[in-house]
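Just so it is clear: chains get the letters A, B, ... in the order the sequence lines come, proteins before strands, and each one is counted from 1.
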Amino acid sequence: MASLAQKLTEIVGAAFAAEGLSAELGLVRVSDRPDLCQFQCNGAMAAAKAAKKNPREIAQTLVQALQDHPALARIEIAGPGFINLDVTDAFLAAHIKSNADSDTLGVEPVGAGRTIVLDYGGPNIAKPMHVGHLRSSIIGDSLRRICAFAGYRAIGDVHMGDWGTPMGQILSELEARGRLGQPVTMDELEEIYPAASRACKEDENRAEQARAATVKLQDGDPVYRAAWQQFIDVSIAGMKENFDALGVHFDLWKGESDVHERIAPMVETLKTAGLAVESEGAVVVPVAREDDKKEMPPLILYKRDGAVMYGTTDLATVADRVEAFSPAAILYVVDQRQSLHFEQVFRAARVTAIAPEEQVELTHAGFGTMNGQDGKPFKTRAGGVMKLQDLIAMAVEKAQARLEEADLAADMDQAERDDVAHKVAVAALKFADLHNNRVADYVFDIDRMTRFEGKTGPYLLYQAVRINSLLNKAKGAGLDVPENPTFAIKAEDRALALALAEFPDHFRLALENYTPHVLCDYAYKLAQDFSSFYGACHILSEEDEQLRASRLSLCALTYRQLVLILGLLGIQVPARM
RNA sequence: GUCCCCGUAGCUCAGCAGGAUAGAGCACCGGAUUCCUAAUCCGGGGGCCGUGGGUUCGAAUCCCGCCGGGGACACCA
């Protein structure tokens, strides 16, 4: 099991090896000139460079050796030394069949037996979630699904900001209002938090009280702990509404507070080992190296006033995760602007052997800013930060309007229509976010992303639903999709079959580079290739029974693959619309 | 000041493990429906790949400089 290109790589690689060349040079990939050939291998040119020989001569030898290979319909030299290949339809059909028979559609479980922890979402207690949390949530959740599909034990941790100065500020504000000990609602918190923060900024007295409250909380004062726990519960309930609406899942609801107990012993150990030192009144882990080209400030564990920083909790959290899960990797899906911070934390984790390099990969999968159409960070019309729930509501409203315009979902009852609108909205939001290169900033345009035409989430849902409808119609007409399909490849089927065979290649790229956008592009290509196929042949009225069965099987496989890929992006497909 | 990211069609973006004629979507122009969801499909126009050098048989891709945009740079997260 593998992609078609991988199978061809084995064949061509063996031919390279037989000529005494490196098998790696036999890398075959889908041709970027589909008008010339289906697949290409550029290894002869690289081999020629190394051996200082004529590339066409080397290519000629290989082509001769592979001339009669049963998998190949055609193999020839082109240009300066490209090797162009086409597979036989029989080989293609057999390959498609092996994918259809595979639970994973040909993807190999490279992560089996290994664990990966993903850190995304990152909401803050007492603050409503806003658009800044959208990208982290969407990208992180998709990566979690991708890792899980690759066989990893993929653990998503929401890693809430539930500790430190802001908590003390809220507690002291509650105390000042005589509300300490009384339950608060999320709406109240949304007002209390900024008020508390403002008060501490303006009034040194209040700031001092907040610091004292922070210390009391962290020392375990029962009244403070109880009040804190109450507004944490309220906040989490609010977060869950947002995450549920988006279909973003977490396995762990941990926060910064969960590592509080680890911090003091950790710092003591590091000090004893001489890895943490005092500097300018603070306790830091120096992480600069001699060969650094840039300034690399140390990671601060204790501030001058003795309080911990987010670097401290992040380092302790690495230790916690390593201890609890022995992960092969920890992935942080956090704003690109924090790249220096993570470099400091990662270096500290290496230098202290909390996470040795040969044991655990530490990766910051950063992402760019979500901008408005003016290219500046996305804001509401009034210029404020848009709440996530408002944004979702806006998308749902837009989706409803689009469905109505298109006269889709018209014969459904209200509940199903609402469900479809919601799925369309989430598909629009997620696809628009994920289809961009992660690290680049992207322009948020609600009108564009909710359209049913073009490269959008709704278009992909439409295509998938259309295939499902066709399959249902076939069933209704007594034309069953064979359980054990045999594929017949004719001219009209070939492009779709070849496209289906690419899935493992795109999946591997998405996994290795943590780039869901690769899957977005591929899903779109697949949908388009299906549409061309669908336009080129009328399936249900095909009189050749074998061909009709094959085409129905091709439809079924495309549907399954499309639903699977969208699922990896966190997008659900409605049964109809 | 140092460092990081970005700069590709009018707009939004792929391509950056060096390869053939740089691709999509939107918008624009022209076609296609007695039939499975036409919100679709087929075709067309549109590009000094920011810029100047270098490496290479070959550069959007690698290296150096410059310009433009964004960001970060010990006690906030």
Side-chain angles (χ1 to χ4, degrees), chain A residues 27 31-33 35-37 40 42 45-46 48-49 55 78-82 84 122 124 161 164-166 197 256 279-284 292-311 313-314 334-341 343-344 366 368-369 371 373 375-377 402-403 405-408 432 435-437 439-443 445 448-449 451-456 458-459 462-463 465-474 477 479 509 512-513 517-518 520-521 524-525 527-528 531-542 555 576-577:
Chain A
L27 182 73
S31 166
D32 51 16
R33 288 291 304 274
D35 54 319
L36 298 180
C37 55
Q40 63 179 317
N42 300 343
M45 290 180 289
K49 193 172 207 168
F82 297 102
N84 289 351
N124 296 310
T165 322
S197 167
E256 296 173 325
S279 167
E280 298 176 31
V283 179
V284 305
D292 275 337
K293 271 185 281 196
K294 57 190 171 190
E295 296 165 44
M296 182 56 60
L299 186 76
I300 298 178
L301 297 178
Y302 283 135
K303 298 196 288 182
R304 205 171 290 137
D305 66 5
V308 302
M309 305 230 333
Y310 76 136
T313 52
D314 277 349
V334 181
D335 195 318
Q336 190 64 37
R337 284 176 296 195
Q338 294 195 27
S339 61
L340 177 60
H341 166 72
E343 188 162 4
Q344 291 173 282
T369 316
N371 290 336
Q373 282 158 79
K376 292 181 183 142
R402 296 281 195 211
L403 287 169
E405 269 170 40
D407 201 30
L408 278 178
H435 101 275
N436 294 297
N437 177 0
V439 296
D441 294 348
Y442 96 97
V443 176
D445 184 339
R448 192 191 298 246
M449 72 177 72
R451 287 214 271 257
F452 278 85
E453 66 263 359
K455 208 170 184 173
T456 68
Y459 166 86
Y462 168 77
Q463 292 295 3
V465 164
R466 201 156 70 136
I467 305 173
N468 196 33
S469 161
L470 173 66
L471 293 169
N472 286 333
K473 213 148 253 178
L479 307 172
L509 274 179
E512 281 175 5
N513 303 321
H517 83 268
V518 172
C520 291
D521 270 351
Y524 185 74
K525 173 185 161 50
Q528 272 190 319
S531 238
S532 299
F533 162 74
Y534 179 89
C537 40
H538 199 269
I539 297 151
L540 296 183
S541 64
E542 174 57 52
C555 292
R576 54 180 200 146
M577 65 190 227

Could you list all N or O pairs between the protein and nucleotides 27-29 of chain B that sit under 3.5 Å apart?
none

Write down the distance between CG (A:Asn371) and C1' (B:G7), rounded to a whole number of angstrom.
-> 14 Å
A:Tyr442 side chain, from C-beta outward: closest of B:C13, B:A14, B:A17 = B:C13
OP1 or OP2 of B:C41 under 4.0 Å from side-chain N/O of A:Tyr459 = yes
Got a sec, which residues hit ring-ring contact (aromatic ring centres under 6.0 Å, His included) with A:Tyr310, two or more places apart in sequence or on another chain?
-> A:His341
Summary of protein contacts for nucleotides 55-63 of chain B, nucleotide by nucleotide, where a base hit scores B, a sugar-phosphate-only hit scores S (4.0 Å, heavy atoms) | -SBB-----
Provide the distance between the two C1' atoms, one in B:U40 and one in B:U56, to the nearest whole Å.
-> 46 Å
With a non-hydrogen cut-off below 4.0 angstrom, is A:Ile467 in contact with a base, only sugar-phosphate, or nothing?
-> nothing
Applying ring-ring contact (aromatic ring centres under 6.0 Å, His included), name anything that partners A:His517, two or more places apart in sequence or on another chain.
-> none
With sequence neighbours excluded, residues passing salt bridge (charged side-chain N to carboxylate O under 4.0 Å, His left out) with A:Lys49 | none
Report the nucleotide, chosen from B:A20, B:G25, B:C3, that has the shortest atom-to-atom distance to any side-chain atom of A:Asp32.
-> B:A20
Treat primed atoms plus P, OP1 and OP2 as sugar-phosphate and everything else as base, then score nucleotides 72-77 of chain B 5' to 3': B for base contact with protein heavy atoms under 4.0 Å, S for sugar-phosphate contact only, - for none.
-> SSBBSB
What do the steps show when you test A:Ser531 against A:Arg466 for side-chain contact (heavy atoms from CB on, under 4.5 Å), and what is the final call?
-> CA-CA 10 Å; A:Ser531 238; A:Arg466 201 156 70 136; 2.7 Å; yes
Side-chain H-bond candidate by donor/acceptor type, A:Arg337 with A:Thr369, under 3.5 Å | no
Between A:Phe82 and B:A20, do the rings stack, that is, sit under 5.5 Å apart with planes less than 30° off each other?
-> yes
Nearest nucleotide by nearest heavy atom, which residue falls closer to the 5' end of RNA chain B, A:Leu403 or A:Ala78?
-> A:Ala78
Start at the 5' end of RNA chain B and walk down; is the nucleotide closest to A:His517 or to A:Ser531 reached first?
-> A:His517
Its dot-bracket string being built from Watson-Crick and G-U pairs below 3.5 Å, with | for another strand and [ ] for crossing, RNA chain B has the pattern (((((((..((((.....[...)))).(((((.......))))).....(((((..]....))))))))))))....
Are OP1 or OP2 of B:C42 and a side-chain N or O of A:Ser532 less than 4.0 angstrom apart?
-> yes
Sorted by chain and number, sequence neighbours left out, salt bridge (charged side-chain N to carboxylate O under 4.0 Å, His left out) with A:Glu295 holds for none
Give A:Ala307 one of three labels, base, sugar-phosphate or nothing, depending on what nucleic acid heavy atoms sit under 4.0 Å from its own.
-> nothing
For A:Asp441, the salt bridge (charged side-chain N to carboxylate O under 4.0 Å, His left out) test, sequence neighbours excluded, returns none
Could you tell me the separation between the CD atom of A:Gln528 and the P atom of B:A14, rounded to a whole number of Å?
-> 17 Å
Who are the ring-ring contact (aromatic ring centres under 6.0 Å, His included) partners of A:Tyr302, not counting sequence neighbours?
-> none
Tabulate protein N/O versus nucleotide N/O from nucleotides 35-37 of chain B, keeping only pairs under 3.5 Å, one per line.
| from | atom 1 | to | atom 2 | distance (Å) |
| --- | --- | --- | --- | --- |
| B:C35 | O2' | A:His538 | NE2 | 3.0 |
| B:C35 | O2 | A:His538 | NE2 | 3.2 |
| B:C36 | O3' | A:Lys473 | NZ | 3.3 |
| B:C36 | O2 | A:Leu540 | N | 3.1 |
| B:C36 | N3 | A:Ile539 | N | 3.1 |
| B:C36 | N4 | A:Tyr534 | O | 2.4 |
| B:C36 | N4 | A:Cys537 | O | 2.7 |
| B:U37 | OP1 | A:Ser469 | OG | 3.0 |
| B:U37 | OP2 | A:Lys473 | NZ | 2.8 |
| B:U37 | O2' | A:Tyr462 | OH | 2.7 |
| B:U37 | N3 | A:Met577 | O | 3.2 |
| B:U37 | O4 | A:Met577 | N | 3.4 |
| B:U37 | O4 | A:Met577 | O | 3.0 |

Sequence neighbours excluded, the answer for ring-ring contact (aromatic ring centres under 6.0 Å, His included) partners of A:Tyr524 is A:Tyr459
Touch class at under 4.0 angstrom, heavy-atom based, for A:Asp335 against every strand present | nothing
